[in-house]
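Let me begin by presenting the structure, written as structure tokens, before commenting on it.
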Amino acid sequence: MTAQKRGLFVVLEGGEGVGKTTNAAFMREYLENKGIEYSATREPGGTPLAEELREIILAPREESMAPMAELLLVFAARAQHIEHKILPVMEQGQWCLCDRFTDATFAYQGAGRDLGTSRVEALESFVQAELRPDCVIILDAPVEIGHQRARARAELDRMESEAMTFHQKVRDAYLARAAQAPDRYEVIDAALPLVEVQVNLAKVLDRLIDTWKNHE
Ligand code: T5A
């Protein structure tokens with residue numbers, strides 16, 4: 001009996017309001033049309049318990065959350081998500097399409113909250129072992145554009161309400177990580193009109209599908 005080919009782990013990232021939700025829907029439809037089986041999920045969240053942790057992480061509250069508490073809650077949710085969703089999905093041969101993963105932790109907690117890279121790296125190794133995304137697609141736009149879009153759409157959550165300097169650090173961290181490993185990251189200009197963003201996304205997905213299909 002031949003072993004089941006493992007599905008790809010594809011992560012969509014970017015700062016606030018860059019269009020992840022909109023483009024995640026596009027990606028799901030694109031994969032469906034190409035006959036690729038996938039499961040879509042998100043972080044923080046993705047399982048009932050991890051979604052409860054998401055509520056705690058994002059809800060505005062009077063007591064400020066210590067950055068270290070935020071970091072550990074994010075990884076607690078991730079540990080649950082990996083074991084109960086991400087790994088089972090890929091082991092069944094489906095792609096796992098995840099709205100945010102550990103690059104968000106490097107960007108928001110490591111850079112935005114100034115906790116630094118080494119703490120996030122230590123937890124990444126501890127919680128994820130060898131698990132890393134096969135491809136991280138970063139939707140990138142100036143922070144003012146993302147903020148305007150997020151504002152126009154809904155009430156801002158605890159992260160979205162942070163100052164522009166915080167969001168600039170987040171954006172810079174994403175771009176720095178992409179520059180360090182260009183074979184695993186795709187940066188897409190999300191300030192372009194949506195139709196152009198989606199043409200570029202489709203090119204990335206076509207390339208991933210080809211590589212995956214041709215890989216034994
Ligand atoms: N977090 C997460 C951490 O701090 N650490 C971690 O480790 C992890 C995993 C999660 C929050 O948690 C934090 C980061 C986040 O703050 P989220 O829901 O994933 O929250 O992230 P948000 O950035 O808040 O997602 P949003 O849903 O608010 O924004 P999206 O999905 O990026 O934007 P979207 O698609 O809703 O688009 C916003 C508006 O812009 C329009 C859309 O139609 C929509 O109205 N739009 C465009 N308009 C013009 N041109 C385009 N190209 C457009 N693209 C979208």
Side-chain angles (χ1 to χ4, degrees), residues 9 11-29 40-47 50-51 53-60 65-82 85-86 96-115 117 119-121 123-124 127-128 133 136-164 166-167 169-171 173-174 177 187-202:
F9 183 21
V11 174
L12 192 57
E13 292 277 6
E16 309 297 324
V18 290
K20 284 183 301 77
T21 306
T22 311
N23 288 302
F26 169 80
M27 288 169 73
R28 292 196 297 271
E29 199 182 325
T41 186
R42 68 171 181 179
E43 288 217 348
T47 78
E51 288 289 330
L53 291 169
R54 178 189 175 96
E55 291 283 313
I56 294 172
I57 294 164
L58 296 180
M65 188 180 288
M68 189 58 85
E70 188 177 278
L71 176 67
L72 294 172
L73 282 170
V74 162
F75 268 106
R78 183 161 300 138
Q80 187 70 11
H81 190 207
I82 289 171
K85 184 128 191 198
I86 296 176
C96 180
L97 209 56
C98 194
D99 185 342
R100 294 192 187 280
F101 193 61
T102 308
D103 283 286
T105 320
F106 281 102
Y108 283 80
Q109 282 68 47
R113 299 283 190 227
D114 289 320
L115 285 171
T117 305
R119 288 187 177 110
V120 183
E121 279 174 347
L123 285 164
E124 180 184 46
V127 171
Q128 296 170 216
V136 179
I137 301 171
I138 298 177
L139 297 176
D140 176 63
V143 291
E144 298 77 15
I145 292 184
H147 191 69
Q148 276 165 15
R149 288 183 189 162
R151 248 195 126 95
R153 198 212 41 200
E155 290 271 300
L156 301 183
D157 66 28
R158 211 166 58 76
M159 297 291 182
E160 289 165 337
S161 312
E162 287 291 338
M164 282 300 175
F166 175 91
H167 293 295
K169 285 196 257 182
V170 168
R171 183 188 186 203
Y174 274 128
R177 287 184 63 74
V187 179
I188 291 185
D189 183 353
L192 293 172
L194 193 53
V195 60
E196 291 181 44
V197 173
Q198 294 179 345
V199 166
N200 291 330
L201 267 175

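We count ligands from 1, going down the list as the structure has it; atoms in each ligand are counted the same way. Quantities reported herein were computed from a predicted structural model and do not represent experimental measurements.
- A 6.0 Å sphere centred on CD of Glu121 holds more than 12 heavy atoms belonging to other residues, nucleotides or ligands.
- Atoms CG and CG, from Leu123 and Leu71 in turn, are 5.0 Å apart once rounded to the nearest 0.5 Å.
- Annotation for ligand 1: atoms under 4.0 Å from non-hydrogen atoms of Arg78 are 7 (O), 9 (C).
- Interatomic distance, CZ of Phe26 versus CG of Leu201, reported as 6.0 Å (0.5 Å rounding).
- With atom 37 (O) of ligand 1 as the reference point, the heavy atom nearest to it among Thr22, Thr21, Leu58 is part of Thr22.
- Note on ligand 1: Gly15 sits in its first shell, one or more heavy atoms being nearer than 4.0 Å.
- Against a heavy-atom cut-off of under 4.0 Å, Thr105 is close to the following atoms of ligand 1: 6 (C), 7 (O).
- For atom 55 (C) of ligand 1, the closest non-hydrogen atom of the protein is Gly19 CA, 3.7 Å.
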When you look at Ile57 and Val74, which way does the side chain to side chain contact (heavy atoms under 4.5 Å, CB included) test go after all the steps?
-> CA-CA 7 Å; Ile57 294 164; Val74 162; 4.0 Å; yes

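- Using modelled atom types and a 3.5 Å distance limit, the side chains of His147 and Glu16 yield no donor-acceptor pair.
- Protein heavy atom closest to atom 25 (O) of ligand 1, with residue, atom name and distance, is Lys20 NZ, 3.5 Å.
- Distances from ligand 1 to the non-hydrogen atoms of Ala150 include no value under 4.0 Å.
- More than 12 heavy atoms of other residues, nucleotides or ligands sit less than 6.0 Å from atom CZ of Arg158.
- With hydrogens left out, the protein atom closest to atom 16 (O) of ligand 1 is Glu16 OE2, 2.9 Å, a heavy atom.
- For Val74, every heavy-atom contact with ligand 1 shorter than 4.0 Å involves the side chain, none the backbone.
- The closest non-hydrogen atom to atom 13 (C) of ligand 1, taken over Glu196, Met159, Arg54, comes from Met159.
- Of all atoms in ligand 1, numbered sequentially from 1 with element shown, those under 4.0 Å from a heavy atom of Glu43 are 9 (C).
- Arg149 CZ: more than 12 foreign heavy atoms inside a 6.0 Å radius.
- Every N/O-N/O distance between Tyr108 and ligand 1 stays at or above 3.5 Å.
- Below 4.0 Å from some heavy atom of Ala190 lie the following atoms of ligand 1, by number and element: 52 (N).
- Heavy-atom proximity to Gln109, at under 4.0 Å, picks out these atoms of ligand 1: 3 (C), 4 (O), 5 (N), 6 (C), 7 (O).
- For the pair Lys85 and Glu43, the salt-bridge criterion is not met [side-chain N within less than 4.0 Å of a carboxylate O].
- Near Glu160, meaning under 4.0 Å from one of its heavy atoms, ligand 1 places the atoms 24 (O), 28 (O).
- Contacts between Arg100 and ligand 1 below 4.0 angstrom, taking non-hydrogen atoms only, involve the side chain exclusively.
- Among all non-hydrogen protein atoms, the one lying nearest atom 26 (P) of ligand 1 is Arg153 NH1, 3.1 Å.
- Not a single donor-acceptor pair under 3.5 Å links the side chain of Gln109 to the backbone N or O of Val120.
- A donor-acceptor distance shorter than 3.5 angstrom exists from the side chain of Arg54 to the backbone of Pro44, with no hydrogens or angles considered.
- Residue contacts with ligand 1 for Ala104 involve both N, CA, C or O and side-chain atoms from C-beta outward (heavy atoms, distance under 4.0 Å).
- Because its NZ or CZ atom is both nearer than 6.0 Å to the ring centre of Phe101 and within 45° of the ring axis, Arg78 counts as a cation-pi partner of that residue.
- Looking at Pro44 against ligand 1, both its backbone and its side chain come within 4.0 Å, counting heavy atoms.
- Residue-level proximity to ligand 1 for Glu70 is absent, since no heavy atom of it falls below 4.0 angstrom.
- Side-chain atoms of His167 never come within 3.5 Å of backbone atoms of Glu144 as a donor-acceptor pair (strictly under, hydrogens ignored).
- At the shortest separation from atom 41 (C) of ligand 1 among protein heavy atoms lies Arg149 CD, 4.0 Å.
- We find the CG-CD distance between Leu192 and Gln198 to be 11.5 Å, quoted to the nearest 0.5 Å.
- Considering both main-chain and side-chain atoms, Val18 comes within under 3.5 Å of ligand 1 through a nitrogen or oxygen pair.
- For atom 52 (N) of ligand 1, the closest heavy atom belonging to the protein is Leu192 O, 2.9 Å.
- The main-chain N or O of Thr105 is never found under 3.5 Å from a side-chain atom of Thr102 such that the two would form a donor-acceptor pair.
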